[in-house]
Amino acid sequence: MQQIDKHGPLWIHPLYQKPMRIVGGFLAFLLLIVYLTWLTPPQFDAGGVPGYLPLHTLFETFSIVVAMLVFAVGWNSQSHQLAGNVVLLSCTFFAIGLLDFSHTLAYKGMPDFYTPNDAEKQLNFWLSARFLASFILLVVAVRAWNPLRFRTTRYCLMGALTALVITINWLVLFHQDWLPHTFIPGQGLTPLKKFLEYLFIAFNIATAVLLWRKMREPQDFNITHMFAAVCVMAMSEFFFTLYTTMTGGYNVWGHIYKVISYLFIYRAIVVEAIELPYKKLEKTQSDLSLAIHASNTGLWDWDLKTDDIYYSAECKAQLGYAPNDFPNQRDAWETLIHPDDRVGSLKKLADFLNSTATQYLNEHRMRHKDGNYLWIEARGEKQFDRLGHAIRLVGSHVDISEHKRLEEHFRYAIDAAPNAMLMADENGTLVLGNSRTFEMFGYTQEELIGQSISILLPENSRAKHADFMKAWFSRPLRREMGSGLELFARHKLGFEIPVEIGLNPLQSNKGQFVIASVVDISERKMAMARLQEKNAEIERYSYMVSHDLKSPLVTIKAFLGYLKLDIANGDAERIEKDMAFMNQAANKMDQLLSELLEMSRIGRVTSLPVKINWREAVNEALTVNAGAIAKANVEITVDNNDIPLLVDRTRLVQVWQNLIDNAIKFMAEQPSKRIHIGAEKEGNKIVFFICDNGIGIDPRYHEKIFGMFEKLDTKKPGTGLGLALVKRIIQLYHGDIQVRSQGIGHGTCFRFTLPDALQFTNPGGGYERKAYQYPTR
Amino acid sequence: MNGKPINILLVEDDPAHAEIVRRNFETERIANYLKWVIDGQEALDYLQRTGEYETPESSPTPGLILLDLRLPKVDGLEVLSTIKQDSALSMIPVVIMTTSSAESDIARAYKNRANSYVVKPLDLEKFSSLLDAIGFYWLVWNERPNISLWGKYV
C-alpha cells in the first residue's frame, strides 16, 4: 500500500495510463465545450417547441436505442459466467430506456400521452431515468465484479425494475398532483428540480472518484469507459441545470452528452460481454491447437451408432496421410494396426465398450504410410445419451515411438548387464526384469512381471524387506543394499541364493521406481570356502611337515652323537644299532617326502580325463600290487558290472592301489584272507567299495584314519599318508569316503562316491547340485 | 619325597626317540624304572589300569609322564586332558616333549594343564642335558603332593 501511496493520490495503474490519456483528452475536450458554453450562453434557440420537438425526439430515440442495446447485449450474453454488474447495468438500462421513452412521448408538443402533456410530466420521467442511471453507475462502481450468486436473480431484478417503471408511469400519468413540483410555468425550474440534478451530478462525481481509485489496481472490467460514461453524464446533467427554456442550446448539449455517455456504457458492456469472452475463447482455442500440434496429438471422434470416425488432420498426418486420403471409417484404423497388436487391441477395445468404464487407454503399433510402424498411445472417453447408452467415443492418438525406442534402448542396456536387473514400483510390484533375472530366479517373464518382489525373497526376510523398501522409497538414493549383511534371494524351486544388491532410484512420469542390480555371489562364496579350505590345508601341511619331518632329523642327529661316543669306546654292537636307527630315520624321511610331493601334486597336476570302465582301474591297481597280494596270499574278488567313468586314470588307480594295499596290510593272521571289490547303487548314488575280512578298525578311529600322517599302528609300515591321499583324490570329484567296521576282528569296508566322474552319464547333464548351484553361462 | 620308587612313563611313538631317552636315563641313573608306551591308547590303558595293564603290579603309578603330542590312536593332547581330568592322575606332573614348537601346540598343551613343555633338541648333547635337567628338577627338586591326603585339602 505504501508503494502505491508514494505515487500520489491521483496515481493509477500503468495498465490504465494509456487508455486514460485518450479518454482524458476526450473528456477534457467535452469539458472545454461545457466551459465555453457556460461562459457564453448559446443564443441558439430551436425556435420554440414545435421546431425543437423533432430534434428532441431524435436525441431521445437515439438514447433509447442505445439503452436498449445495452440491455440486449448484457442480457443475452452468457450471464452466468459474467459479472453481476453487467446484468445490473443491462436490466437497469432497460428501465431507463422505457422511462426515456415515456419522457419522449410526454414531451411538450407530442400528442397527448394518456393525459395532456406538460413540462412537469416529461420532467418527472426525465428525473426518474436520470436517477436510475446515476444511481446504478454508483452501485456498479461500489460493487465487486463478481457473478450473481443465483441465476434467478436477474429475472427478479428485471421484474422489480419493470414494476418500478410501471409504477412511475402510473404515478406521473395519473397522480402527478401527489408529486412535488419540478417546474412552474412562467417561473421555470423549481429549486427541487435543480437540487435533484445536482444530486445526480454528485452521484456521478462520487462514482468517478471511486472508479479512479479502483484504477490503482487492474480490474476485471472496462473501467476507463465506465469512468468516461459517468464523467460525460455529469456534464450532461450540468447542462440541464443551466437551461432556462426547454428548447435552449444547453438542452441540446445536454442531450448530446447524454447520448455520448450512453454510448460509453454500451461500449463498456459490449467489450465486457462480447469482445472479452470471444478473445478469451480465441486464445484458449489457439493455445489448445498449439498444444495439440506441439504434442503431435491426433484427435478422433467415433460415432458408435454409425461407426463413422472423424480423424483430425493431425491424426492422419501422424501416419503420413493427407487429410483427404484417409477414410473416416473404422476399418481405416483397424487395418493399420500392427498384425501382432491387432487382436489384442480390438479385444481391449471391445471389452472397454462393453464395460462401464469411461476411460480407455491402450498402446499399439500402427503402420505409417511409408511402411514403418509407429507406437501410438490411444486414449478415449465414452459419452452417453440420456438413457445411459454409449453413443460416442472421443479420444486422442499420441505418437510415443520415441518414448518406446528409449524404453527399448533401456531394456537392451539392462539386458546386456551381466547381473540380474529388475525394476519395481513403490508398491514392490515388479515391472521389468532382464533375461539374467529370469535365469537366476527360475521364473519366466510372464510368471514374474506383475508379481510382488517378495516372491524373490526367502520367507523369513519378507516382512523386514517391506519395511526397508518403505524407508528407501521415502529417501531413494543410489546405494548398496544391506552392506555388511548376508543377503539371500529365493529361487523358484525354493533354494536360497547368496546375493549382493545395488539399488538405484528411477523417477519417471509413472512415479518413483527402484532398479535393483542383483549379483549372484554363490560362485564367489564357494570359491571363498574352497580357498579357506585350502588355507587350512596349507596350515595343516606346514605344521605336519615341521613336526613329522623334524622327528627323523632328531633321531639322526642324536644317534650321530651316540655313534661318535660309541666309536670312541670301540663298542661295535652299539655302532651297528646306532647306524640302524639312523638308516631307518633316513628311509622314513625319504618316504615322507615322496608321499608329500605326491599329495601336493594331486591338486595341481591333472591329466585329461578319459572314459574308462571302473573295473579297468581296479585291474590296473591289482597288477601293481600283484607281488604283495601273492605274498600275503589274499583272495580278491571283483564285481562284474560296467560303470563308465570320466576320470584321471592314474589318480583312480592310485585310489584303488592304496585301498588294496591298506587292506592287505591290515589282514589278521588267518587262514582265508579275502578282499571283495565292487560297485553298487545306493539310493541315487553309485558307491564303490572294498571290503576285507582283516583286523578291522575300532570305530573310535574311523575319522582319524583319513588324517595326514595318522597311523593307528606304528609297527606297521607306511607313513600315514595313504588314506589321506585317497580322500583328497575322491574330494576332487566331489565325492566322499567312509569306513565301515564293526571293530577289531570284524573286517573293514571302505565305501566311496565319485559324482563328478559320473556326470557325463546323465544326458541331462544335471547331477545333484548343492543348494545354491545353478547353471551359469 | 615319599620314598616310593620313582617311575617315569614315556609316551613316544618313535622307537628311536624312545631309545635316546632310555640310553640317557640309563647312563645318568636317575630313573630306577622307565616305562615306554608306544601310543596314546596304551598310555591310557597303563594309567587307568585297563586292557593288558589291569593289575596294579603291572602298572605302578608313575612320578612323571613324558608325553609326545602326535601319537597314533589317541592324540597326545587327549591323553593329557584325560590325565588332568582324572582326580587320581591329575597330580602327576606331565612334561610335553615333542618335536613341534608350534604356538598352537604349546597353547593347547598348557590349556590342558601340562606342567611343562619342551621341544626335542636336534643336538645329542643338548638333548642329554635337557633330559638330565628334567630328571633332576621333577624327580629330585620338585615336591609332589601325597595322594592319600589329596581329598583333605580340596
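To find a chain, count down the sequence lines: A is the first, B the second, and so on, and within it residues start at 1.
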If one checks every heavy atom of A/Tyr562 against chain B at 4.5 Å, the contacting part turns out to be both
Taking the six-membered ring for Trp, are B/Tyr110 and B/Tyr117 parallel (under 30°), tilted (30 to 60°) or perpendicular (over 60°)? tilted
Hey, are B/Glu12 and B/Lys120 close enough for a salt bridge, meaning a charged N less than 4.0 Å from a carboxylate O? yes
Which one wins on heavy-atom pair count under 4.5 Å against chain B: A/Leu553, A/Thr555, A/Leu565, A/Leu560? A/Thr555
Looking at A/Lys577 and A/Asp571, is any side-chain nitrogen of the basic one under 4.0 Å from a carboxylate oxygen of the acidic one? no
Chain A heavy atoms under 4.5 Å from B/Gln41: which part of the residue, side chain, backbone, both or neither? side chain
Kindly state whether the ring of A/Phe750 and the ring of A/Trp656 have centres lying under 6.0 angstrom apart. no
